[in-house]
Amino acid sequence: DVQLQAYGGGLVQAGGSLRLSCAVSGITFDDYAISWIRQVPGKEREVVSCTSKSDGSTYYADSVKGRFTISSDSNTENEVFLQMNSLKPEDTAVYYCATGDPMYYCVGSFDERDFNSWGQGTLVTVSS
């Protein structure tokens with residue numbers, strides 16, 4: 001079974017940084033696309049970023065380009081990281097790492113049918 005565990009959220013002031021981590025197990029890490037998806041209560045979920053080992057691509061939502069960086073480390077524990085810099089209050093959300101079974105390539109728009117494996121959410125709160 002695919003298992004994902006997300007952690008690293010917290011409270012930070014605007015302009016600050018946080019790094020989220022997602023531990024991935026149960027899949028051949030190098031064949032899958034792993035996404036970070038965020039949700040604000042009352043709003044639709046948004047694909048923030050994605051990395052695909054299948055084709056080496058990455059994706060960033062326009063709202064986070066230049067501020068967030070996704071990376072992965074398959075040499076240790078199959079982890080995907082989201083480095084978030086220059087955080088804004090509008091980045092406040094619950095962040096999830098997710099993939100499909102299977103999902104080999106990144107998608108830029110959220111469709112719940114694409115994602116059937118989710119880590120638990122981690123809350124990021126950015127104060128103004």
Side-chain angles (χ1 to χ4, degrees):
D1 292 345
V2 180
Q3 292 189 336
L4 303 100
Q5 289 186 307
Y7 52 98
L11 173 64
V12 64
Q13 288 189 331
S17 298
L18 280 174
R19 189 172 89 149
L20 304 184
S21 301
C22 176
V24 183
S25 62
I27 59 174
T28 303
F29 184 65
D30 287 352
D31 290 343
Y32 274 67
I34 306 295
S35 298
W36 285 99
I37 296 168
R38 67 185 179 187
Q39 184 164 29
V40 176
K43 294 189 177 181
E44 293 188 357
R45 282 172 281 191
E46 175 188 20
V47 179
V48 173
S49 186
C50 174
T51 181
S52 169
K53 289 289 192 176
S54 295
D55 64 0
S57 66
T58 57
Y59 166 82
Y60 296 97
D62 287 343
S63 57
V64 306
K65 278 181 183 175
R67 301 187 298 120
F68 290 11
T69 303
I70 193 168
S71 61
S72 61
D73 183 357
S74 59
N75 293 325
T76 55
E77 296 184 1
N78 290 346
E79 289 192 276
V80 176
F81 308 102
L82 186 67
Q83 178 66 43
M84 305 186 295
N85 298 329
S86 302
L87 282 161
K88 303 176 180 180
E90 52 263 43
D91 294 318
T92 295
V94 178
Y95 286 72
Y96 301 88
C97 55
T99 189
D101 189 12
M103 175 176 272
Y104 303 122
Y105 307 108
C106 291
V107 294
S109 59
F110 179 77
D111 184 330
E112 64 181 4
R113 294 170 295 181
D114 292 328
F115 300 94
N116 55 18
S117 295
W118 294 79
Q120 82 286 3
T122 185
L123 177 62
V124 172
T125 303
V126 184
S127 62
S128 56

Flag, side chain of S54 to backbone of D31, donor-acceptor distance under 3.5 Å: yes

Close side-chain approach of S63 to R38, heavy-atom, < 4.5 Å: yes

Atom pair SG (C22) and CH2 (W36), whose distance is rounded to the nearest 0.5 Å: 5.0 Å

Inter-residue atom distance Q39.CD - F110.CZ, 0.5 Å rounding: 7.5 Å

Between OG on residue S35 and CG on residue L82, distance to nearest 0.5 Å: 11.0 Å

Co-membership, hydrophobic cluster, residues L87 and L20, 4.5 Å side-chain: yes

Expected output: side-chain S49 to main-chain Y60 donor-acceptor under 3.5 Å: no

side-chain hydrogen bond (donor to acceptor under 3.5 Å, both in side chains) evaluation trace for Q83 with N85: CA-CA 6 Å; Q83 178 66 43; N85 298 329; 2.9 Å; yes

Nearest non-hydrogen partners of A93 and V40, listed with the distance: CB-CG2, 3.8 Å

Gap between atom CD1 of I70 and atom CD1 of I34 - 0.5 Å precision: 8.5 Å

Spatial distance of atom CD1 (I37) from atom CD (E46) [nearest 0.5 Å]: 10.0 Å

Atom pair OG/CD of S109 and E44 - distance to nearest 0.5 Å: 10.5 Å

Option from T51, T99, N78, D101 for which side-chain hydrogen bond (donor to acceptor under 3.5 Å, both in side chains) with Y32 holds: D101

Enclosure of D55 CG (heavy-atom neighbours >12, cutoff 6.0 Å): yes

Y95 and F68 aromatic ring geometry - parallel, tilted or perpendicular at 30°/60° bounds: tilted

Y59 side-chain N/O to G108 backbone N/O, donor-acceptor pair under 3.5 Å: yes

Counting only pairs under 3.5 Å, give me each side-chain donor-acceptor contact of residues 119-128, with atom names and distances, residues two or more places apart or in other chains.
residue: Q120; atom: OE1; partner: A6; partner atom: N; Å: 3.4
residue: Q120; atom: NE2; partner: A6; partner atom: O; Å: 2.6
residue: T122; atom: OG1; partner: G9; partner atom: N; Å: 2.9

salt_bridge(K65, D62) N-O dist < 4.0 Å: yes

Side-chain touch V80/C97, heavy atoms, less than 4.5 angstrom: no

V12 and M84, any side-chain heavy atoms less than 4.5 Å apart: no

